[in-house]
Amino acid sequence: MLHFTSPALSPRAIPPLPARTFSSMSETISLADSTPDHVTGNWYSVPDLRLRDHQFTVPLDYTIDRNASPKISVYAREVVSVGKEEQPLPYLLYLQGGPGFECPRPTEASGWIHKTCEEFRRGTGLSTPLTPSSMSQLDSAKEISEYLTYFRADNIVNDAEFIRVRLVPEAGPWTILGQSYGGFCSVTYLSFAPQGLKQVLLTGGIPPVGNGSTADAVYRACYPQVIRQNEKYYKRFPQDVEIVREVVKHLAESEGGGVPLPSGGFLTPRGLQTLGLFGLGSSSGFERLHYMFERVWDPVIVPGSCKQISYYFLKAFENWLDFDTNPLYILLHEPVYCQGDSSLWSAHRIRTEDDGKFDAIRAVKEGHPVFFTGEMVFPWMFEEVHALRKFKEAAHLLAEKKDWPPLYDIAVLNNNKVPVAAAVYYEDMYVNFKLAMETASQIAGIRLWITNEYMHSGLRDGGGQVLDHLLGMLNGRKPLF
């Protein structure tokens with residue numbers, strides 16, 4: 001679930017949309033446009049786009065006096081079509097998926113970026129980043145866990161409002177586009193700061209909004225979809241059934257139940273199963289997963305040499321999951337579902353209810369396909385991923401925390417007046433269709449586009465089609481029927 005971006009787009013040009021967007025600090029400063037809490041960089045170029053960087057100094061804790069709160073920086077990249085820099089275009093804020101992943105940097109005017117574009121996300125990218133190295137400045141697990149409580153959707157919305165009133169002329173409302181976890185943040189925005197919103201576009205990002213911890217409901221709904229994705233994968237690549245079983249058997253029989261990873265971690269059968277996180281839910285994930293297993297074994301150069309997993313595969317495994325560079329995703333993955341209750345390692349607990357369907361060792365012994373897991377976080381990751389080991393105790397404190405503040409206001413959503421359009425992907429592995437529909441029924445006036453043409457990555461995969469469809473639902477080109 002998830003990265004965080006703040007694009008400013010010009011919805012008055014609906015196709016094609018001139019876009020204005022946000023993302024990080026520039027080396028050169030435009031002093032005329034800067035204030036003590038907002039530094040604006042100079043314009044620069046990529047093909048067909050002009051960009052400039054903004055750096056905002058915001059409170060870590062919005063619940064206390066802003067002068068007393070520690071400060072962090074939030075970075076936003078503004079993007080606009082060439083020649084549109086000085087035009088008074090409307091703003092569109094793009095909220096990236098995650099939590100904890102930065103938005104891809106724009107390199108050209110293509111796909112949906114041709115209509116929008118930007119990047120702003122609390123704690124990722126060029127905002128004050130939370131990495132293994134930066135968090136080493138905090139002295140204890142308690143200090144780390146307390147610091148991380150300020151990086152959920154409620155404070156992302158506070159950051160967005162801080163930026164909006166300083167950036168949008170006359171502090172007017174802006175349009176927001178929320179992808180995946182960015183959609184969760186958008187529904188929080190609708191709940192607590194609807195006055196800042198002109199319209200809302202959601203792509204694969206309608207969250208469960210019930211009180212307490214909704215994580216258990218999420219994983220009970222998501223595990224069956226993950227099983228279906230596994231079945232589709234093995235139907236596409238039936239030869240991988242035996243290959244994956246062979247790898248699991250090799251890992252289980254290796255010393256310590258696994259093999260060392262290049263970064264110092266340890267690959268076990270259960271670690272191998274986490275490849276489903278990205279391999280099973282995105283448009284090209286099946287192919288990428290299959291091609292990884294094509295090169296899982298080293299060639300036998302010397303007759304009689306022991307079989308071993310290739311360095312290529314081990315390195316590809318680490319590069320794909322990149323938990324070491326973006327630990328916020330792992331640490332806050334379940335807390336983003338919590339309101340007034342703890343998650344208590346929900347995915348780990350719910351996994352035991354599946355009658356062993358995700359037991360890799362059992363699958364090998366019984367001759368069944370080994371099922372990969374989906375978007376789930378498990379406590380043993382903080383032992384097997386080298387860069388996460390230092391956060392093990394902090395992760396347990398976050399899993400046990402009960403007094404999480406609310407992220408949604410159902411009464412406000414029931415009386416929503418902001419135009420909302422959402423793309424709901426019927427076979428989405430990350431955001432369960434049934435739970436999304438339950439929440440949609442609570443948001444007054446929402447318009448839904450339900451499709452199985454795209455996976456969770458539809459905004460990226462569809463070029464400008466997904467964004468264009470949603471805008472058409474709100475601007476009258478696709479009227480109610």
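Keep in mind that what you see is a predicted model, and the values were worked out from it rather than measured.
- Using cut-offs of 30° and 60° on the angle between ring planes, the pair W449 and Y454 is perpendicular.
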Note to self: Set out, in order, the CA-CA distance, both residues' side-chain angles and the distance that settles side chain to side chain contact (heavy atoms under 4.5 Å, CB included) for Y189 and I156, then state yes or no.
What the structure shows: CA-CA 9 Å; Y189 212 146; I156 290 172; over 6 Å; no
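- Between the side chain of T214 and the backbone N or O of Y337 there is at least one donor-acceptor pair closer than 3.5 Å.
- Under the rule for a salt bridge (Lys or Arg N to Asp or Glu O under 4.0 Å), the partners of R236 that lie at least two apart in sequence or sit in another chain are E287.
- Counting non-hydrogen atoms of neighbouring residues, nucleotides and ligands closer than 6.0 angstrom, the NE2 atom of H290 exceeds 12 such neighbours.
- In this structure, W345 and H396 have perpendicular ring planes: the angle between them is above 60°, well past the 30° mark.
- Defined by atom type and a distance below 3.5 Å, a donor-acceptor pair is missing between the side-chain atoms of H250 and W297.
- You'll find the side chain of V244 stays beyond 4.5 Å of the side chain of F237, heavy atoms only.
- Residue L95 comes nearest to C185 through the heavy atom pair CD1-CB, 4.0 Å, listed as atom of the first residue, atom of the second, then distance.
- In terms of modelled atom types and a separation under 3.5 Å, the side chain of T203 and the main chain of L459 share no donor-acceptor contact.
- Within the 4.5 Å cutoff, the side chain of V241 has no heavy atoms near those of the Y233 side chain.
- Residue V248 is tested with I243, I361, T268 for a side-chain contact (heavy atoms from CB on, under 4.5 Å); the sole match is I361.
- Remark: side-chain polar atoms of Q199 are not paired, donor with acceptor, to backbone N or O of L474 under 3.5 angstrom.
- Put simply, the residue from L93, N416, V418, T175 that forms a side-chain contact (heavy atoms from CB on, under 4.5 Å) with V200 is V418.
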task: For the pair H368 and R362, evaluate side chain to side chain contact (heavy atoms under 4.5 Å, CB included) and give the outcome as yes or no after the intermediate values.
output: CA-CA 8 Å; H368 300 309; R362 176 175 164 182; 5.9 Å; no
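- For the pair R295 and Y312, the distance from NZ or CZ to the six-membered ring centre is under 6.0 Å and the angle to the ring normal is within 45 degrees.
- Residues L275 and F313 come closest through the heavy atom pair CD1-CZ, 4.1 Å.
- A donor-acceptor pair is defined here as one N or O able to donate and one able to accept, closer than 3.5 Å; such a pair exists between the side chain of S191 and the backbone of D409.
- A donor-acceptor pair under 3.5 Å is formed between the side chain of R152 and the backbone N or O of P335.
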| said: Run the side chain to side chain contact (heavy atoms under 4.5 Å, CB included) test on F358 and V226 for me, step by step, so that the C-alpha distance in whole Å, both residues' side-chain angles and the decisive distance to 0.1 Å come before the verdict. | reply: CA-CA 10 Å; F358 289 92; V226 174; 3.9 Å; yes
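- Taking 4.5 Å as the limit, every side-chain heavy atom of Q229 sits out of range of all side-chain heavy atoms of F372.
- At a cut-off of 3.5 Å, with distance as the only test, a side-chain donor of Q225 or R228 sits close to an acceptor on the other residue.
- A donor-acceptor pair under 3.5 Å is absent between the side-chain atoms of N155 and the main chain of N158, judged by distance alone.
- In this structure, I72 CD1 and L130 CG are separated by 7.5 Å, a value rounded to the nearest 0.5 Å.
- The backbone N or O of P207 sits less than 3.5 Å from a side-chain atom of T439, completing a donor-acceptor pair.
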Step-by-step salt bridge (charged side-chain N to carboxylate O under 4.0 Å, His left out) determination, D468 to R477: CA-CA 10 Å; D468 189 58; R477 287 189 297 112; 3.1 Å; yes
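- Contact record, T274 with W380: CG2-CH2, 3.8 Å, taken as the closest heavy-atom pair.
- E318 and S263 share a side-chain donor-acceptor pair at under 3.5 Å.
- Using a 3.5 Å distance cut-off with no hydrogens or angles, the side chains of S180 and H456 do pair a donor with an acceptor.
- The minimum heavy-atom distance linking P132 with K390 is given by the pair O-NZ, 3.8 Å.
- Under the rule for a ring-ring contact (aromatic ring centres under 6.0 Å, His included), the partners of Y426 that lie at least two apart in sequence or sit in another chain are F433.
- R460 is not listed as a side-chain neighbour of V466, based on a closest heavy-atom distance of 4.5 Å or more.
- Residue E255 places its CD atom among 12 or fewer non-hydrogen atoms of other residues, nucleotides or ligands, all under 6.0 Å distant.
- Counted by atom type alone, H386 and D324 present zero donor-acceptor pairs between their side chains at under 3.5 Å.
- Between the side chains of T131 and S134, at least one donor N or O sits under 3.5 Å from an acceptor N or O.
- Scanning all heavy atoms of the two residues, the minimum distance from P419 to K198 falls at CD-O, 3.4 Å.
- Taking a 6.0 Å sphere around CD of E246, one finds it holds more than 12 heavy atoms contributed by other residues, nucleotides or ligands.
- Using a 4.0 Å cut-off between charged side-chain N and carboxylate O, D403 and K401 make a salt bridge.
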Side chain to side chain contact (heavy atoms under 4.5 Å, CB included) between F184 and L202: does it pass, once the steps are laid out? CA-CA 9 Å; F184 289 26; L202 306 174; over 6 Å; no
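- Closest approach of P224 to A221, counting heavy atoms only: CD-O, 3.4 Å.
- Side-chain atoms of D240 and Y234 form no donor-acceptor pair, as typed in the model, at a separation below 3.5 Å.
- Electrostatic pairing of E253 and K249 counts as a salt bridge here, judged by a charged N lying under 4.0 Å from a carboxylate O.
- Taking CD1 of I443 as the start and CG of N414 as the end, the distance is 9.5 Å to the nearest 0.5 Å.
- Geometrically, R351 engages F378 in a cation-pi contact, judged by NZ or CZ lying under 6.0 Å from the ring centre and within 45° of the ring axis.
- The pair E393-K142 does not count as a salt bridge, with every side-chain nitrogen at least 4.0 angstrom from each carboxylate oxygen.
- Between L388 and F391 there is a side-chain heavy-atom pair separated by less than 4.5 Å.
- Within 6.0 Å of the NZ atom in K232, the count of heavy atoms belonging to other residues, nucleotides or ligands exceeds 12.
- When ring centroids are compared, Y329 and H333 come within the 6.0 Å threshold.
- Taking a cutoff of 4.0 Å between a charged side-chain nitrogen and a carboxylate oxygen, E353 and R220 qualify as a salt bridge.
- Between the CG atom of N319 and the OG1 atom of T325 there is a distance of 9.0 Å, given to the nearest 0.5 Å.
- Judged purely by atom type and a 3.5 angstrom limit, R447 uses its side chain to pair as donor or acceptor with the backbone of M473.
- With hydrogens and angles disregarded, a donor-acceptor distance shorter than 3.5 Å links the side chain of R349 to the backbone of L344.
- Residue D355 holds its CG atom at 11.0 Å from OG1 of T352, rounded to the nearest 0.5 Å.
- W320 places a side-chain heavy atom less than 4.5 Å from the side chain of M292.
- For the residue pair S346/D216, the side-chain donor-acceptor check at 3.5 Å is satisfied.
- Between D154 and P405, the closest side-chain pair of non-hydrogen atoms falls below 4.5 Å.
- A heavy-atom distance below 4.5 Å is not found between the side chains of Y181 and Y430.
- Q339 places no side-chain N or O within donor-acceptor distance of the main-chain N or O of W404, the cut-off being under 3.5 Å.
- Judged by distance alone, the side chains of Q442 and Y408 never bring a donor and an acceptor atom under 3.5 Å apart.
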